[in-house]
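Treat the numbers as computed from the prediction; the structure is a model and nothing was measured.
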Amino acid sequence: QVQLVESGGGSVQAGGSLRLSCAASGYTYNCMGWFRQAPGKEREGVACLVTEVGFTYYADSVKGRFTISRDNAKNTVYLEMNSLKPEDSAMYYCAANGPNWRAAGAMWYDRSQYTYWGQGTQVTVSS
């Protein structure tokens with residue numbers, strides 16, 4: 001069993017930054033992902049880091065602004081978010097044990113590929 005606890009959400013003005021953390025307990029492998037869901041919208045993939053090889057994938061909407069990283073010693077995944085926009089406002093979820101490195105390129109954003117999920121942390125960006 002894997003438990004994921006997200007933190008770091010909050011309210012910021014457009015152009016600001018936040019760093020989300022996802023602390024994992026248990027054995028995590030393959031893609032560690034961040035997803036987000038805004039009210040009335042489907043949950044969408046934001047980023048993935050393939051733990052064994054370090055590959056990273058990003059949604060086009062966040063490329064160049066968000067960075068996913070991992071501290072292996074702490075079994076924690078981070079999402080550094082810069083130049084935030086109002087459209088980034090959403091509940092952000094951490095997900096674990098997603099697609100392996102061979103499949104990640106084509107499937108990292110598919111939420112059905114992930115086994116474990118956190119409870120989410122809210123990000124609100126005001127204009």
Side-chain angles (χ1 to χ4, degrees):
Q1 282 286 347
V2 172
Q3 291 188 328
L4 305 172
V5 179
E6 302 100 330
S7 61
S11 297
V12 295
Q13 290 192 329
S17 299
L18 284 173
R19 188 176 80 155
L20 306 183
S21 300
C22 172
S25 61
Y27 180 46
T28 57
Y29 54 88
N30 293 345
C31 262
M32 294 291 295
W34 283 99
F35 287 72
R36 67 186 181 186
Q37 187 168 19
K41 295 189 176 182
E42 290 193 358
R43 193 171 297 190
E44 63 174 359
V46 175
C48 149
L49 185 151
V50 185
T51 56
E52 292 83 355
V53 294
F55 294 167
T56 57
Y57 300 92
Y58 297 92
D60 288 343
S61 59
V62 307
K63 279 180 183 176
R65 300 188 298 122
F66 290 12
T67 303
I68 188 170
S69 62
R70 175 183 169 114
D71 184 328
N72 290 330
K74 296 181 179 179
N75 204 11
T76 298
V77 175
Y78 303 97
L79 186 68
E80 185 76 33
M81 306 186 296
N82 298 314
S83 302
L84 283 161
K85 305 175 181 180
E87 51 263 43
D88 294 319
S89 296
M91 185 71 79
Y92 282 71
Y93 298 91
C94 178
N97 301 10
N100 63 30
W101 67 270
R102 291 186 179 87
M107 303 174 73
W108 71 268
Y109 49 84
D110 182 348
R111 60 183 185 268
S112 71
Q113 300 297 315
Y114 293 78
T115 306
Y116 300 101
W117 292 83
Q119 294 299 307
T121 185
Q122 180 68 40
V123 171
T124 303
V125 185
S126 58
S127 58

Minimal non-hydrogen separation, [X] against [Y], with atom names:
X	Y	answer
C31	V50	SG-CG2, 3.8 Å
T28	A96	CG2-CB, 4.2 Å
C94	M32	SG-CE, 4.4 Å
S126	P86	C-CG, 4.5 Å

Item to complete: Start with the C-alpha distance between R70 and N75, add both sets of side-chain angles, then the distance that settles side chain to side chain contact (heavy atoms under 4.5 Å, CB included), and finish with yes or no.
Response: CA-CA 7 Å; R70 175 183 169 114; N75 204 11; 3.2 Å; yes
Is there side-chain contact between [X] and [Y], with heavy atoms separated by less than 4.5 Å?
X	Y	value
V5	Q119	no
Y58	T67	yes
W117	F35	yes

Quick one: does any side-chain atom of [X] pair with a main-chain N or O of [Y] as donor and acceptor, under 3.5 Å?
X	Y	value
S89	V125	yes
S25	V2	no
E6	G120	yes
N82	S17	no
D71	T76	no

Practice prompt. Could you go through the side chain to side chain contact (heavy atoms under 4.5 Å, CB included) check for M81 and V62 one step at a time?
Written response: CA-CA 9 Å; M81 306 186 296; V62 307; over 6 Å; no
Worksheet item: Measuring from I68:CD1 to E80:CD, what's the distance to the nearest 0.5 Å?
Response: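 Result: 12.0 Å between the selected atoms.
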Discussion item. What's the separation between atom NZ in K85 and atom OG in S127, rounded to the nearest 0.5 Å?
Written reply: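 Rounded to the nearest 0.5 Å, the NZ-OG separation comes to 13.5 Å.
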Practice prompt. Tell me, yes or no, whether the heavy-atom count around E52 atom CD, taken from other residues, nucleotides or ligands under 6.0 Å, exceeds 12.
Written response: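 Enclosed: over 12 neighbouring heavy atoms sit under 6.0 Å from CD of E52.
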Worksheet item: With a cut-off of 6.0 Å (strictly less than), are more than 12 heavy atoms of other residues, nucleotides or ligands near CD of Q3?
Response: no
Table please: side-chain donor-acceptor pairs of residues 105-115 below 3.5 Å, with sequence neighbours left out.
from : atom 1 : to   : atom 2 : distance (Å)
Y109 : OH     : A106 : O      : 3.1
D110 : OD1    : S112 : N      : 3.0
D110 : OD1    : S112 : OG     : 2.7
D110 : OD2    : S112 : OG     : 3.2
R111 : NH1    : R43  : O      : 3.2
Y114 : OH     : W108 : O      : 2.6
T115 : OG1    : N97  : O      : 3.4

Item to complete: Start with the C-alpha gap between Y93 and Q37, add the side-chain angles, then the distance that decides, and say whether side chain to side chain contact (heavy atoms under 4.5 Å, CB included) holds.
Response: CA-CA 8 Å; Y93 298 91; Q37 187 168 19; 4.2 Å; yes
Would you say [X] and [Y] are hydrophobically clustered, going by side-chain heavy atoms of ILVMFWY under 4.5 Å?
X	Y	answer
L79	L84	yes
Y78	L49	no
M91	V77	no
Y57	V46	no

Item to complete: Flag the pair K63 and D60 as a salt bridge only when some basic side-chain nitrogen lies within less than 4.0 angstrom of an acidic carboxylate oxygen.
Response: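 So K63 pairs with D60 through a salt bridge.
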Worksheet item: If you group Ile, Leu, Val, Met, Phe, Trp and Tyr whenever their side-chain heavy atoms sit less than 4.5 Å apart, what else falls in with Y29?
Response: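 Its cluster mates, by chain and number, are Y27.
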